[in-house]
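The structure appears below as structure tokens.
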Amino acid sequence: MIAYFIKKKKLTLFIFIMAIVAGLYSVSQLPRQETPDIIKKTAVVTTLYPGATPQKVEQTVTKPLEQK
């Protein structure tokens, strides 16, 4: 059987292309429940404390903000 498909290269190529087309069509017809929208909830807060060291900013601003 393998020898048959080696000899009939055009038929083999046709079957291969049809399998790819059928697979792409099937993927496009999948219901949306299979690929739900993912909503990522994030917030970004920027705090400025001119002249302070990173440790002081962390202790006096960042940690209290994170706790609230």
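Position 1 is the first residue of the sequence; numbering continues from there.
Under a 4.5 Å side-chain heavy-atom cut-off, the cluster of Ile, Leu, Val, Met, Phe, Trp and Tyr residues that includes Ile17 is completed by Leu13, Val21. Clustering of Ile, Leu, Val, Met, Phe, Trp and Tyr by side-chain heavy atoms under 4.5 Å joins Ile38 with none of the others.
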Indicate every side-chain donor-acceptor pair of residues 49-66 with a distance under 3.5 Å to a residue at least two apart or in another chain.
| residue | atom | partner | partner atom | Å |
| --- | --- | --- | --- | --- |
| Thr53 | OG1 | Lys56 | N | 3.2 |
| Thr60 | OG1 | Lys56 | O | 2.7 |

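Evaluation of the side chain to side chain contact (heavy atoms under 4.5 Å, CB included) rule for Ile6 yields Ile2 as partners, not counting sequence neighbours. Partners of Leu24 according to the side chain to side chain contact (heavy atoms under 4.5 Å, CB included) rule, which considers only residues two or more places apart in sequence or in another chain, are Ile20.
Proximity of Lys8 to Tyr4: side-chain heavy atoms (C-beta onward) are separated by under 4.5 Å at one or more points.
Distance CZ/Phe5 to CE/Met1: 4.5 Å, rounded to 0.5 Å.
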